[in-house]
There are 2 protein chains.
Amino acid sequence: MIKKNKFNPELHELSEFAKALSHPARLAILEYLAETKTCISGDISDYIPLSRTTVYQHLKELKALGLIHGEIDGLRVNYCLCESTISKYRAMFDEFAKRIESAGIKCEVKTKKKCI
Amino acid sequence: MIKKNKFNPELHELSEFAKALSHPARLAILEYLAETKTCISGDISDYIPLSRTTVYQHLKELKALGLIHGEIDGLRVNYCLCESTISKYRAMFDEFAKRIESAGIKCEVKTKKKCI
DNA sequence: TATTTATGTCGCAATATTACGACATATAAT
DNA sequence: ATTATATGTCGTAATATTGCGACATAAATA
């Protein structure tokens, strides 16, 4: 039902990045991976206050976008940040934000008209 | 069912910003408002390839976060970007991204182990 | 070999999002 | 006053997300 292919592919890609960051658990996972360079999968599940299955699902979403990846080490999996992909999306966002912010004069409630 | 209050309020707030940007229609709206300083509501509906009702819903979400606001002008409503709120969230995101990116060494597939 | 352990998969329920038509309201124009 | 116009509201259907328990798999260990 989602009509995303009606939009500019660049905006679509940026929206996918934003969606990956749109849940606090996923932000917390990224933060945790940044702090602990060891990045053992099980530790993430312990750290995040959600069930292991749910955390696993969030990990899959981050992995699908390439923001993290996992390295199998016997029984364990070490997940870690993928700096290059993160930088790529960060640059994409910066470019967008700059365009939005440097747009010159906006209304900013300067008139006495009723606002909503 | 969403267990967002289990997380750090800062991460929660950032995730709300990301969610607002997680649909290409909303990104397109922000872009359009940045380009056209006039920002007439009806024009937005014409520009975005979705029904007026749907566009209106997206506008409401952006408005709820304070990223845009509308000024009633008779029959029309002029929507426009709210630079201060956008800057606030942008700074929040930058701070987060910096923490993630400057985390030092990550694995980046340096070993010969199987990756997923 | 049997058991433990860490991860992965499946299916399901609850909730949220997306999209839109039909209708309501309120201002402007005729 | 009537009509046209722009925006707002409601209900609803389709789909996506979130969360989790139960089970499967595969490696390490006893």
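Numbers restart at 1 for each chain; the letters A, B, ... are given by sequence-line order, proteins then strands. All values below were derived from every heavy atom in this structure, side-chain atoms included, with hydrogens, water molecules and symmetry-related copies excluded.
The nearest whole Å value for the distance from the OH atom in A:Tyr56 to the P atom in D:dG19 is 17 Å. Following rounding to the nearest Å, A:Lys63 (NZ) and C:dT9 (C1') show an atom-to-atom distance of 12 Å. Straight-line distance from the CZ atom of A:Phe7 to the C1' atom of C:dT18: 11 Å, rounded to whole Å. Atom CD of B:Gln57 and atom P of C:dA22 are 17 Å apart (whole Å). A:Leu59 places its CG atom 8 Å from the P atom of C:dG8, with the value rounded to the nearest Å. In this entry the distance linking CD1 of B:Ile44 with P of D:dT7 reads 9 Å, nearest Å. With rounding to whole Å, A:Ile72 atom CD1 is found 11 Å from D:dA27 atom C1'. A straight line from CD1 of B:Ile40 to P of C:dT27 spans 18 Å, rounded to a whole angstrom.
The aromatic rings of B:Tyr32 and B:Tyr47 lie parallel to each other, their planes meeting at an angle below 30°, with 60° marking the opposite boundary.
Side-chain to base pairing of B:Arg52 with C:dG21: no donor and acceptor N or O lie closer than 3.5 Å to each other.
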Under the side-chain contact (heavy atoms from CB on, under 4.5 Å) rule, what do B:Cys80 and B:His69 come out as? Steps first, then yes or no, please.
CA-CA 6 Å; B:Cys80 56; B:His69 56 81; 3.6 Å; yes

Please step through ring-ring contact (aromatic ring centres under 6.0 Å, His included) for the pair B:Phe17 and B:Phe93, ending with a clear verdict.
CA-CA 9 Å; B:Phe17 174 56; B:Phe93 172 75; 7.2 Å; no

Determine, step by step, whether A:Leu67 and A:Cys82 satisfy the side-chain contact (heavy atoms from CB on, under 4.5 Å) criterion, reporting the C-alpha distance in whole Å, the side-chain angles of both residues, the deciding distance to 0.1 Å, and the verdict.
CA-CA 5 Å; A:Leu67 297 171; A:Cys82 182; 6.0 Å; no

Mind running side-chain contact (heavy atoms from CB on, under 4.5 Å) on B:Ser87 and A:Glu101 for me, showing each step along the way?
CA-CA 8 Å; B:Ser87 296; A:Glu101 284 180 343; 3.8 Å; yes

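Not one side-chain nitrogen or oxygen of A:His58 sits closer than 4.0 Å to the OP1 or OP2 atom of D:dT17. OP1 or OP2 of C:dT7 has at least one side-chain nitrogen or oxygen of A:Ser41 nearer than 4.0 Å. Contact annotation: A:Ser51 reaches the phosphate of D:dC20 (side-chain N/O to OP1 or OP2, under 4.0 Å). Considering only side-chain N and O atoms, A:Lys19 lies under 4.0 angstrom from the phosphate OP1 or OP2 of D:dT17.
Counting heavy atoms from C-beta outward, B:Glu16 and B:Glu13 have side chains that stay 4.5 Å or more apart.
Residues A:Met92 and A:Ile100 share a single hydrophobic cluster, defined by chaining ILVMFWY side chains whose heavy atoms lie under 4.5 Å apart. The hydrophobic cluster containing B:Leu62 also contains B:Ile72, counting ILVMFWY residues as joined when their side-chain heavy atoms lie under 4.5 angstrom apart, directly or transitively.
DNA chain C is contacted by both A:Lys60 and B:Glu61; A:Lys60 maps to the nucleotide lying nearer its 5′ end (nearest heavy atom per residue). Between A:Leu75 and A:Pro49, the residue anchored nearer the 5' end of DNA chain D, judged by the nucleotide with its closest heavy atom, is A:Pro49.
Proximity note for A:Arg76 (side chain, C-beta onward) versus D:dG19, C:dA6, C:dT18: the nearest is C:dA6. Side-chain proximity of B:Thr54 to C:dA19, C:dT18, D:dG19: nearest is C:dA19.
Residue A:Thr53 is classed as a base contact, given a heavy-atom separation below 4.0 Å to a base.
A rotation axis mapping the C1' atoms of four pairs onto the next four is fitted at both ends of the helix from C:dT1-D:dA30 to C:dT30-D:dA1 over five pairs, and the angle between these axes is 10° to 10 degrees.
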